[in-house]
A.B. asks: 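I am attaching a structure below and will ask some questions about it afterwards.
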Amino acid sequence: MARVPYQSPADLPEEYSEYVVSSLQPGKEINVYASIGNNPEVLAGLRSFLGTLWNDSGLTDRQRELVILATAAETGNAYEWHQHVNVATNVGLTPAEVTAVADDDPEPFDATERALMEYARAVVTGGVADEIHDALAQALDDRQITGAAATAAGYLALGRMIEAFGVEIETGDEFVGWDPR
């Protein structure tokens, strides 16, 4: 059960009401945003930050989703995982690749994607060693590395709020599972 109430668009001042609705599923209220809606200014800032990560990280859509899924898998955050499995498959990850991310199995991925996921997991655990950074720097430029670190850290922060608030998967949805095949 959620520890804070979910705020609907009607509960919020008009200038913030759109922030509890999914940008990918128009009209669908998203529980994580509805929980953060208890502080509309924080919700607006967070949505702006996440939007910047989404659009301006320098990563491809596929790379971005690998970072987000690796972050969710590393922390065991089922809600965040659930939200991004469909996004990931929509940008080209196969169900088998999604499962491989959950299992921390690098086999299906090329060297760049392997380095990217290892880097994301290291950001989450606070253990980005020189070797991990250097492996990613072989494939990505400084802008992209910054985007990867910010995306992992941003979704780690979002995941910690999800855990703190006890955010539940939306009513009517069923957890996709760690193995969506």
Side-chain angles (χ1 to χ4, degrees), residues 22-25 30 32-33 36 42-165 167 175-181:
S22 170
S23 56
L24 299 176
Q25 302 170 68
I30 301 297
V32 64
Y33 298 142
I36 300 168
V42 169
L43 175 61
L46 184 66
R47 290 292 304 263
S48 176
F49 175 61
L50 293 174
T52 299
L53 296 176
W54 191 271
N55 296 311
D56 301 313
S57 67
L59 302 174
T60 67
D61 292 345
R62 179 181 168 92
Q63 290 171 332
R64 180 197 65 232
E65 290 307 312
L66 286 171
V67 169
I68 294 168
L69 288 178
T71 299
E74 186 66 29
T75 61
N77 192 303
Y79 181 91
E80 200 160 55
W81 179 265
H82 176 82
Q83 292 295 332
H84 281 271
V85 165
N86 286 336
V87 177
T89 57
N90 287 340
V91 300
L93 274 84
T94 67
E97 288 173 324
V98 170
T99 300
V101 175
D103 294 340
D104 197 12
D105 173 11
E107 184 60 33
F109 304 101
D110 66 27
T112 298
E113 291 176 340
R114 289 175 182 185
L116 182 63
M117 289 184 291
E118 181 179 21
Y119 186 86
R121 288 176 185 271
V123 168
V124 168
T125 62
V128 179
D130 288 342
E131 307 81 54
I132 293 171
H133 174 86
D134 293 347
L136 190 58
Q138 294 294 317
L140 301 181
D141 63 27
D142 291 339
R143 178 176 184 267
Q144 294 167 309
I145 292 169
T146 301
T151 300
Y155 279 86
L156 173 62
L158 182 63
R160 294 297 188 234
M161 286 186 273
I162 290 165
E163 292 168 4
F165 300 151
V167 175
F175 179 55
V176 296
W178 296 99
D179 182 349
R181 292 179 286 183

A.B. asks: Any pair with a residue in residues 106-124 that passes side chain to side chain donor-acceptor pair (under 3.5 Å), sequence neighbours left out, goes on the list, sorted by first then second residue, please.
C.D. replies: Arg62-Glu113, Glu74-Arg121, Asp104-Arg121

A.B. asks: Side chain to side chain donor-acceptor pair (under 3.5 Å) with Asp103: which residues, sequence neighbours excluded?
C.D. replies: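 Side chain to side chain donor-acceptor pair (under 3.5 Å) check on Asp103 returns nothing, list empty.
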
A.B. asks: Output yes when a side-chain donor or acceptor of Thr75 lies under 3.5 Å from a complementary backbone atom of Ala72, and no otherwise.
C.D. replies: yes

A.B. asks: If the condition is ring pair (Phe, Tyr, Trp, His ring centres under 6.0 Å), which residues does Tyr155 pass it with, not counting sequence neighbours?
C.D. replies: His84

A.B. asks: Show me the side-chain donor-acceptor pairs of residues 137-145 shorter than 3.5 Å, one per line, residues at least two apart or across chains.
C.D. replies:
{"from": "Asp141", "atom 1": "OD1", "to": "Arg143", "atom 2": "N", "distance (Å)": "3.1"}
{"from": "Asp141", "atom 1": "OD1", "to": "Gln144", "atom 2": "N", "distance (Å)": "2.8"}
{"from": "Arg143", "atom 1": "NH2", "to": "Asp56", "atom 2": "O", "distance (Å)": "3.3"}
{"from": "Gln144", "atom 1": "OE1", "to": "Asp141", "atom 2": "N", "distance (Å)": "2.9"}
{"from": "Gln144", "atom 1": "NE2", "to": "Gly58", "atom 2": "O", "distance (Å)": "3.2"}

A.B. asks: Who passes side-chain contact (heavy atoms from CB on, under 4.5 Å) against Ala150, sequence neighbours left out?
C.D. replies: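 Ala150 satisfies side-chain contact (heavy atoms from CB on, under 4.5 Å) with Leu53 once adjacent residues are dropped.
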
A.B. asks: Looking at residues at least two apart in the chain, or sitting in another chain, which of them share a ring pair (Phe, Tyr, Trp, His ring centres under 6.0 Å) with Phe49?
C.D. replies: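 So Phe49 forms no ring pair (Phe, Tyr, Trp, His ring centres under 6.0 Å) with any residue.
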
A.B. asks: So, using salt bridge (charged side-chain N to carboxylate O under 4.0 Å, His left out) as the criterion, who are the partners of Asp179 when residues are at least two apart?
C.D. replies: Arg181

A.B. asks: Only counting residues at least two apart or in another chain, list the ones meeting side-chain contact (heavy atoms from CB on, under 4.5 Å) with Ser48.
C.D. replies: none

A.B. asks: For Tyr79, check side chain to side chain donor-acceptor pair (under 3.5 Å) against everything at least two apart and list the hits.
C.D. replies: Gln83, Glu170

A.B. asks: Under the salt bridge (Lys or Arg N to Asp or Glu O under 4.0 Å) definition, can you give me all pairs with a residue in residues 146-160, not counting sequence neighbours?
C.D. replies: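 Sorted pair list: Arg160-Glu163.
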
A.B. asks: By side-chain contact (heavy atoms from CB on, under 4.5 Å), which residues pair with Ala122, not counting sequence neighbours?
C.D. replies: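 In terms of side-chain contact (heavy atoms from CB on, under 4.5 Å), with neighbours along the sequence ignored, Ala122 is linked to Val128, Ile132.
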
A.B. asks: With sequence neighbours left out, write down each residue that passes side-chain contact (heavy atoms from CB on, under 4.5 Å) with Ala153, or none if nothing qualifies.
C.D. replies: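 Partners of Ala153 by the side-chain contact (heavy atoms from CB on, under 4.5 Å) criterion, ordered by chain and then number, come out as Val123.
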
